[in-house]
Structure formats: structure tokens, C-alpha cells
Amino acid sequence: MSRQIAPTAVVAAGAELGRDVVIGHGTIVHDRVAIGDGARIGEHCVIGLGVPDAGPLRIGAGSVIRSHSVLYEGSDLGERLETGHHVLIRAGVRAGANLRLGTQAALEGRLRIGDYVRIQGYSVLGPGSEVGDFAWIFPRCTLTNDPLPPSHVVEGVSIGDAAVVCTNVTVLPGVRVGLGAFVAAGAVAGEDVPAASILRGDGRYGGPVTGLMHLPSGTRHPWLRHYADAFPDDAQGRLAELFERVRAAARTAPREIPA
Amino acid sequence: MSRQIAPTAVVAAGAELGRDVVIGHGTIVHDRVAIGDGARIGEHCVIGLGVPDAGPLRIGAGSVIRSHSVLYEGSDLGERLETGHHVLIRAGVRAGANLRLGTQAALEGRLRIGDYVRIQGYSVLGPGSEVGDFAWIFPRCTLTNDPLPPSHVVEGVSIGDAAVVCTNVTVLPGVRVGLGAFVAAGAVAGEDVPAASILRGDGRYGGPVTGLMHLPSGTRHPWLRHYADAFPDDAQGRLAELFERVRAAARTAPREIPA
Amino acid sequence: MSRQIAPTAVVAAGAELGRDVVIGHGTIVHDRVAIGDGARIGEHCVIGLGVPDAGPLRIGAGSVIRSHSVLYEGSDLGERLETGHHVLIRAGVRAGANLRLGTQAALEGRLRIGDYVRIQGYSVLGPGSEVGDFAWIFPRCTLTNDPLPPSHVVEGVSIGDAAVVCTNVTVLPGVRVGLGAFVAAGAVAGEDVPAASILRGDGRYGGPVTGLMHLPSGTRHPWLRHYADAFPDDAQGRLAELFERVRAAARTAPREIPA
């Protein structure tokens, strides 16, 4: 037992802190928060902000929450969550293990997120969306949910396992990005993107992802092989299986139509 | 009288606090700030940061300012302002009642904002712009103001009453978005958008807003009827009047030209 | 000697503070930080966050770091740096004098930045990029670096001296924006932009920058003359020289091809 609670932190009596938890300078931890063993919360965070009728907030063991972040009650965040600074997580998020969430990223609530997902900085996920295992959302993406703004209709988007959503993409309400699909930088994705296929930045279909390659380095998609070394041993079996599934889907994807 | 000032907050002697004001942990309130009755300021905010030659900062009664927000001197913010986290409001903003401002949104100063405006998260309004009553600015929009960057010329944009600016829109300097107009997600609005008409994401004219509908739910624009229940009773008369004005404008708007 | 350290600030014993340094409420300054004379750090910042194997953090004399900002160890930031609120600077940034960095802007590390650079709010610079002297990056731009995301390849971008990157531009990996070039709002820059030439928002070549003018005010590019008065006396010689270099490059740039 060697918790380190900064003297300027304010931890409510009802908060459950695991072993070796670290709480930074000026951070507030409310009641109805359970923080797993070894988790570290940075400076000036607000953890467990109240939401009417929400459940508690659970933060998995081994997590790292960086400074100035705000997490509401009512979410269940798996082990080894790692966030950047100034992030926001509203109520109703269920995230698997090993989620990484970049600086200023926001999970706006009511989301299902798989294992080993990487949501980079400055991205915003509107309520009602689902993100599969090993999916990537690069910086400054927006997952929307209102098909006729403003309305009361919510149509969340779906990002498939191992899909890649590149920088500054807007995914329109109800759109499904398939298994291992690739949405290029700057695209406004207004229609479903089939498994293992490319949506180009100009909104046109770009053929199967196996057509994506970087000649100087010899890297090519599906990324699950050339980038597998960025994941720990326990993920390798699932990455290999996903690689085969995406490659199989790419074989049957339509070719790009020449302009 | 039951103010709640967190023991770690720092409230200057010259600040005027109304009845039942709540000030959160670590928040700083400077002199020359007047906070209305019942307002609640969250944690780690900086309220009333000094600006040379600016007037005081007034925050209306019943307002809610969420954590990590920064508000400068020299603005007049109406009753029941509600902000997300990490927002910024610079000097010279005059906002009507019931403004909602999402997380990380920024009002860069010298702005006129009507009543019941909703500016969602991650949006930035450059100085010199005007936003009408009941207007919507969805996440991650940018209202610009320099027609030949960098220059000393400032041409603010104008967003009409009840207009809808969707996610990730950039409005170029001097552009006027008309009464009840609709700018679709991802658009770069470089020309005026006539009242009650649509600017599509690809920058083309999309006909009158009455052409916007969501078939499964039967909702259609103008939004002022199907979404009126999201506003309180005192707004209903103005919403009904705006609905008629927008519908009338749509009748005389040019039809979409087929591609 | 008249340092002002707020009583709620936490300054490590190993931090080196110059004369007249001001440290705001709730701010943390770690060891291995050197802050130059007259620098002012705002409220709730975290300065000198540890990075394995990084050098110290140096902040030049006369700098102003605004509230809620986070700066890691391992950067060397020149004199008179001025930041907005909620900024992030990761390790490995070498910045010249007079850098201005807007609110929520992020320098993601391993960057070279010249003198008198202005990076406006909400912009993100990925690792591996270079930005020349007197360059402008307007709000909400993204400089990317991974040519086949996700991959281990890093191809930083290069922004030339006096170049202008307008609002909401995404610069794709490896792209070089030339001396005095102009990238219009909303563009996704996927190819090099020659010196003194325009990339339009639709991605097409727009001719030499001398074709950019604002008729009502009579301002025209290169901006280095009409906006020189925004810089101090010691910059005027360099601005005049850059003006001539950009104008010379514009003379040999290809004309715009009519659509």
C-alpha cells in the first residue's frame, strides 16, 4: 500500500482507490468512483462529476489519466486506459481494455468502445456510436449522430474492427465504416464504407485497402502486420486473425473505378 | 443567502457575487466581476482575467460555467448562460439570454450573440461576428474574419436567426448566412447563403430548407416546429413566429438546380 | 528581485527562475526547468512534466504562458514566447524568438520552429515538422506525419519562411509548403506548394500570391509589407528582405490555369 495523494487533491470519502493509486495536485475525486490498482491521475482533473441517475465511474487498473481531464459518473473504462491532457468523458461510455485517448479528445457519452482502440487527440465522438476492437481514429475527427440537425433523432455511427479513420474526417450520422476500412484525411463520410475498402478524401470509392502502400518503406495495408509490434504480446493472436479477415474481405471488394 | 465558495477558490474582494452563488475548487474570481444570483462556477476556472480598457465582466443569474473555463473582463453575458468545460470567452462579447456553449468552444471577443443560441463544442467564433436568435452552430465550426490573412482588415460573419451551421463548417470572412438557412457538414461557406436555403457540403446550392427531411422519423425543416419542445415555455411564441418567417422565405427561395 | 509566486503554486527546488518571474495560482513547476527573466506563467499550468531521457525545459526571457497549459521537459523555447490558454508543448521542440501559440494549440514534439512564427489557436503540429521564420498557421490546422496510418514511418511537413496556412487546413505527410506560399482555408494539401504560389481550398493551383488582393482595402500579397507594422522594429529588416524574395519568386511562378 503506497498511495500517493497530493496534499492539494480532494478525494471524497466514498471514493474507492486501489493499491498504489496516484492522485495529482489539485485533482478532485468524487464519491461513487472506483479507481483500479496502480492507476495514476494527473493534476487538476475532475473525476466522477455527478450525473442524475447514472451509475458509478469505474477506471480500470493500470490506467493513466493526464492533467486537466474531466470524467463524469456512469462509465465503465477498462484496464490500462491512457489519456492525454484536457480530455472529456461523459456518462455512459463502456470501453474495453487498453483504450488510448489523445489530448483534448472527447467521448460525449453513450458509447461502446472495443479493446485496444486508439482515438487520437482533438477527436470527438458523439453519443450513440460504436467503435470496434483495434480501430483507429486519427486527430480531429468527428463522429456525428443527428441526421437532421437539430432534431431528436439519434443515429450513431459504427466503426468496424481494425478500421482506420484518418485526420480531420467527419462521419455523418448512421454511417457504418466496415471491418478494416480506411477513410482518408479530410473526408466527409456520408455513406457506408464497405469492409476492407478505401473512402478517399474527395468522397470517392478508392478500391480495396490492399492497394494502399508506401513505396519507400515497403509498408502496405492491412496495417495489422506491419504495425503489430506496437501492441503487446497478448494482442498478437487477435491481430493475426484480424489481418486474415481484412485481407480476405479485400479480395472480394470491388476495384477502384478509374476517374 | 447560502453561497458556497470552495476553500481553495480565490475570490477577489471587489467581485460582486449574487445570492446562492457556487464557486468550485481552485477557481479564481478577479475584481470587476459581477455574478448573478444562483450562478454556479465549476472547478479550476479563471473568471475576469484583466484586459486593458475593458469594462467589467457580468455573468447573468442562473448561469452554469463548467470546469477549466477562462472568461476575460469586458463581456456582458445574459441570464442562464450554460457552458461546457475548457471554454474561452474573450473581451467584448454581448450575449443574450440562454446561450449554451459547448466544451472547448471559444468566443474570441467582440461578438454579438442573440437569445437562445446554441454553440456546440470545439467551435470558434472570431472577433467581429454576429449570431442571431435561436441560431445553431454545431461542433467544430470556425467563423473567420480576415479576408486576406494576415491583414488588418476585419470582416466578421453574420449568422441569421434560426440558422443552422452543421459540424465542421468554416465560414469565410464577411459571409452572411441568412435567416433559417442550413449549411451542411464540412462546407467551406465562401458566399452568402440566402434565407431559408441550403448550402451543401460540396459548396453548391441545395434549394430551400423545406427540402430537408428525415424520412424514417418524418422530421423536416424548418426545425422550429419539431424541435420546439427543447425550449422552455417563454420561447414558444418566438419559435412559432420564426417558423412562419422561415417557411415564408423558403417559398420564394430558388429550387435546386439538378447536377 | 521581485518574483511573484502564488501561494498555491508548487515550484520544485531544482527549478531555475529568473528575475521578476511570475507564477500563477495552482501552477506546478518541476525540476529541470529554467524560466528566463520576466516570464509570466498563468494559473493551473503544469511546467516541465517528466519525459524519459529528455533534456531540461528552457523558457525564454519575457515569455507569457497562459492558464491551463502543459509543457513537457526537453524543449528549448526562445525569448518572448507567448501562448494562449490550454496549450500543449511536448518534448523536443526548438523554437526561435517571439513564437506566438494560440489557445488550445498543440506542438506534439520534435519540431523546429523559426523566429516570429504565429501558430493560431486549435492547430496541431505533429512530430517531425519544420516551420520557417515569419510563417503563419491560422486556426485549426493540422500538420500530419504518417504517410500510411498507422505505420512507423514519419514524414514531417515543412512550412517555408513567410508562408501562410489558412484556417482548417490539413497538410499531408511529407508535403513542403514553399517560401511565402499561401494555402487557402479548408484545403487538404497533398502535394508540395511551390514558393510564392497559392493552393486553393479545392486543392487546385491558384497562381502566384501576387494575385491575392482585397479590393476594398487595397491590401495585396505578399503580406510582408502591409502587415509589417504588426512586428517590432528589430524585425523590419528581415521582413523587407523576405518581401523581395517572395515577390521575386512570384514573378517566376506559373500563372493560374483557367478552369
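Note that the structure is predicted; figures quoted are calculated from it, not measured. Order of the sequence lines fixes the chain letters, A, B, ..., with proteins taken first and strands second; residue numbering starts at 1 for each chain.
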Is [X] close to chain C through its backbone or its side chain, or both, or neither, when contacts mean heavy atoms under 4.5 Å?
X      : answer
A:H226 : both
A:H214 : both
A:T219 : both

Notebook entry, point to check: How far does OG of A:S67 sit from CD1 of C:I28, to the nearest 0.5 angstrom?
Noted result: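 Result: 8.0 Å between the selected atoms.
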Notebook entry, point to check: Are C:H86 and C:H68 close enough that their ring centers fall under 6.0 Å?
Noted result: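 Between C:H86 and C:H68, the centre distance is under 6.0 Å.
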Check: Are the ring centres of A:H85 and C:Y72 closer than 6.0 Å?
Finding: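 Yes, ring centres under 6.0 Å apart.
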Note to self: Under a 4.5 Å cutoff for heavy-atom pairs, which residue among A:R118, A:H44, A:M213 has the most contacts with chain C?
What the structure shows: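 Of the options given, most contacts go to A:H44.
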Check: Should A:Y116 and A:D161 be marked as a side chain to side chain donor-acceptor pair (under 3.5 Å) after you check the CA-CA gap, both sets of side-chain angles, and the distance that decides it?
Finding: CA-CA 10 Å; A:Y116 285 107; A:D161 294 348; over 6 Å; no
Notebook entry, point to check: chain C contacts: which residues in residues 130-144 of chain A have a non-hydrogen atom closer than 4.5 Å to it?
Noted result: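 Residues in range: A:W136, A:F138, A:R140.
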Next item on the list: Can you tell which part of C:Q104 gets under 4.5 Å to a heavy atom of chain A, answering side chain, backbone, both or neither?
Entry: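 Both backbone and side chain.
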Check: Taking 4.0 angstrom as the limit, do A:R66 and A:E82 come out as a salt bridge?
Finding: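 Answer for the salt bridge query: yes.
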Notebook entry, point to check: Between A:R238 and A:E241, does at least one N-O distance fall below 4.0 Å, as a salt bridge requires?
Noted result: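 No.
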Item checked: Option in C:N168, C:L172, C:D146, C:V153 with maximal non-hydrogen atom pairs under 4.5 Å from chain A ->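 If we count pairs closer than 4.5 Å to chain A, C:V153 comes out on top.
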Checklist line | Criterion side-chain contact (heavy atoms from CB on, under 4.5 Å) against C:I5, the qualifying member of C:T27, C:L17, C:V10 | finding: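 Result: among C:T27, C:L17, C:V10, C:L17 is the only option passing the side-chain contact (heavy atoms from CB on, under 4.5 Å) with C:I5.
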Note to self: Using the rule side-chain contact (heavy atoms from CB on, under 4.5 Å), only one of A:L71, A:V64, A:I23 pairs with A:I41; which is it?
What the structure shows: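 Per the side-chain contact (heavy atoms from CB on, under 4.5 Å) rule, the option paired with A:I41 is A:I23, out of A:L71, A:V64, A:I23.
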Next item on the list: Quick one: list whatever passes side-chain contact (heavy atoms from CB on, under 4.5 Å) with A:A228, sequence neighbours left out.
Entry: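 Result, side-chain contact (heavy atoms from CB on, under 4.5 Å) vs A:A228: A:Q236, A:L239.
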